[in-house]
Amino acid sequence: MTLSSAGRRDMLRMLGVAAASGALASTTARAAASQDFPTRALRLVVPFTPGGGTDVVGRSLAAAMAEALGQSIVVDNRPGGGTVIGSNIVAKAKPDGYTLLLTTTALAINDTLVKDLPYDTDRDFSDIGLICVGPNVLVTHPKSRFKTLDAVIRYAKDNPGKLTYGSSGNGSAVHLAAELFKMKAGIDLTHIPYKGAAQAYTDLVGGRLDFVFATAGGVAKYVEEGTLQAVALTSRERTPAYPGIPTISELVPGYSAEVWYAILAPAGTPPDIVAVLNRALNKAANDPGYKSRVSADGMRVAVGTPQEMRAFRQAEQARWRQVIHDGKITTT
């Protein structure tokens, strides 16, 4: 059958109406789904062991987000591989908004540091939002001759490679914070990596290290007890949690190495559901009780949009990629 010109026009109009109706129905269905979301408990994968600083941040946030969403959030600790195991679980999960990842600076570092990642950092995640940021701390023994950052730098310049510093492991956020310090200050230090922070603190207390780069929350009790002495912060700004302690950038311009926490979801999570999760995250992070908990560890709430989180994360990936390449840093 051959259609006339008018017939073809009518057919095209009908197809156009059908396509528009289908698109409208699809949009309406997605909107309805986001209005109903969530209808059951969510899962928050924390790629660290229970009881650590990141786990505490995650559990506190999960409780506040659950209240905002009207559904419970189950924390699922999946440590291993420097956060790669837990991150991969979320990267491969169904993109329906019910499986989320609590991630940290490690995600940006691993993008370059870990060869053959089982996921693509940019392609396999949807950004929900940043939660908070804060400093690491350079700590020494209370009886150390190095009471100030200036003393550390002056000695290191006069004695290249003689000062030793410990970290929680090769490629960890605190290791890279120290490497960036070396580069910016133009000094040479000897890195002593540990399998976890606890042994590094023990050796520093025992006088077997000159100093340690550590998380602010991790050494807070040691500093309060007077077992360790805080010398400088890696953040851009000072924090009330460490009163009177200067930042490294006050002596080394351009230096900053803040630790951060964020929430991600699998790539392909519908934008409407991402928006729901982002609103809940912002509300939870700004809860006075939550803000008080993170500020006790020197952190500050730094929430925003998913787009801002993605831009921030990609900038962090680029920054640490440069440090890893320049410092020839590996996991061994």
Side-chain angles (χ1 to χ4, degrees), residues 104-106 108-113 133-194 197 200-201 203-204 207-216 218-219 223 228-239 242 244-260 298 312 314-332:
T104 70
T105 318
I109 292 170
N110 287 343
D111 186 58
T112 298
L113 186 69
V133 299
N136 294 306
V137 188
L138 189 162
V139 289
T140 63
H141 191 283
K143 294 182 180 179
S144 168
R145 73 176 101 174
F146 304 113
K147 305 294 185 184
T148 66
L149 186 66
D150 182 58
V152 171
I153 293 174
R154 282 190 287 105
Y155 185 90
K157 286 188 173 181
D158 292 339
N159 302 273
K162 289 190 176 181
L163 284 183
T164 59
Y165 77 90
S167 80
S168 55
N170 277 312
S172 62
V174 285
H175 174 207
L176 293 189
E179 288 298 310
L180 183 61
F181 168 57
K182 284 172 52 178
M183 294 174 188
K184 292 285 188 181
I187 57 177
D188 183 24
L189 306 170
T190 298
H191 176 222
I192 310 296
Y194 290 81
Y201 303 157
D203 279 4
L204 180 59
R208 290 178 287 277
L209 289 171
D210 290 306
F211 58 91
V212 165
F213 270 74
T215 60
V219 293
V223 173
L228 294 177
Q229 174 181 265
V231 172
L233 304 168
T234 67
S235 52
R236 292 184 179 87
E237 303 171 1
R238 295 191 182 194
T239 172
Y242 284 82
I245 304 303
T247 66
I248 290 176
S249 64
E250 290 174 34
L251 198 60
V252 183
Y255 178 88
S256 173
E258 293 182 304
V259 63
W260 50 265
F312 171 82
Q314 290 180 332
E316 283 286 281
Q317 288 167 203
R319 184 160 75 106
W320 293 120
R321 183 180 303 121
Q322 190 66 49
V323 173
I324 290 166
H325 286 162
D326 290 351
K328 298 180 175 57
I329 297 167
T330 68
T331 55
T332 58

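The basis for the numbers below is simple: all heavy atoms, side chains too, and nothing from hydrogens, waters or symmetry mates. Counting begins at 1 with the first residue of the sequence.
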Is there a donor-acceptor pair under 3.5 Å between the side chain of Thr239 and the backbone N or O of Tyr242? no
Locate the shortest heavy-atom distance separating Ser168 from Ala197; write the atom from each residue and the value. CB-N, 3.7 Å
Thr140 side chain to Gln229 side chain, donor-acceptor N/O pair below 3.5 angstrom: yes
Under 6.0 Å between the ring centres of Tyr155 and Phe146? yes
Verify, without hydrogens or angle tests, whether Lys328 (side chain) and His325 (backbone) share a donor-acceptor contact under 3.5 angstrom. no
Would you compute the distance between atom NZ of Lys182 and atom OG1 of Thr190 and round it to the nearest 0.5 angstrom? 7.5 Å
With rounding to the nearest 0.5 Å, note down the distance linking CG in Leu228 to OG in Ser144. 11.0 Å
With side chains defined as the heavy atoms from C-beta onward, is the minimum distance between Pro246 and Leu149 less than 4.5 Å? no
Do Val252 and Ile153 have side chains that approach each other closer than 4.5 Å (heavy atoms only, starting at C-beta)? yes
Strictly distance-based, threshold 3.5 Å: is any side-chain N or O of Thr247 a donor or acceptor partner for the main-chain N or O of Leu233? no
Note, Tyr194 side chain near Leu209 side chain (heavy atom, < 4.5 Å): yes
In short, Ala200 meets Ser167 closest at the heavy-atom pair CB-O, 4.2 Å
Classify the ring geometry of Tyr165 against His175: parallel below 30°, tilted from 30° to 60°, perpendicular beyond 60°. tilted
Closest approach of Gly218 to Tyr201 (non-hydrogen atoms, all atoms of both residues): O-CE1, 3.8 Å
Indicate the atoms forming the closest heavy-atom contact of Ala156 with Leu189, along with that distance. CB-CD2, 4.0 Å
Short side-chain to backbone donor-acceptor contact, Lys147 and Val231, under 3.5 Å: no
So how far is it from Leu176 CG to Asn170 CG, rounded to the nearest 0.5 Å? 9.5 Å
So CZ of Phe211 and CG of Leu204: to nearest 0.5 Å the spacing works out to 10.0 Å
Which heavy atom of Ala257 sits nearest to which heavy atom of Ala177, and what is that distance? CB-CB, 3.7 Å
Closest heavy-atom pair and its distance - Gly171, Leu113: CA-CD2, 3.4 Å
Look up atom OG1 in Thr164 and atom CZ in Arg208, then write down how far apart they are to the nearest 0.5 Å. 11.0 Å
To the nearest 0.5 Å, atom CD1 of Ile109 lies from atom CD of Gln317 at 11.0 Å
Just wondering, do Trp320 and Thr112 contact through their side chains at under 4.5 Å, heavy atoms? no
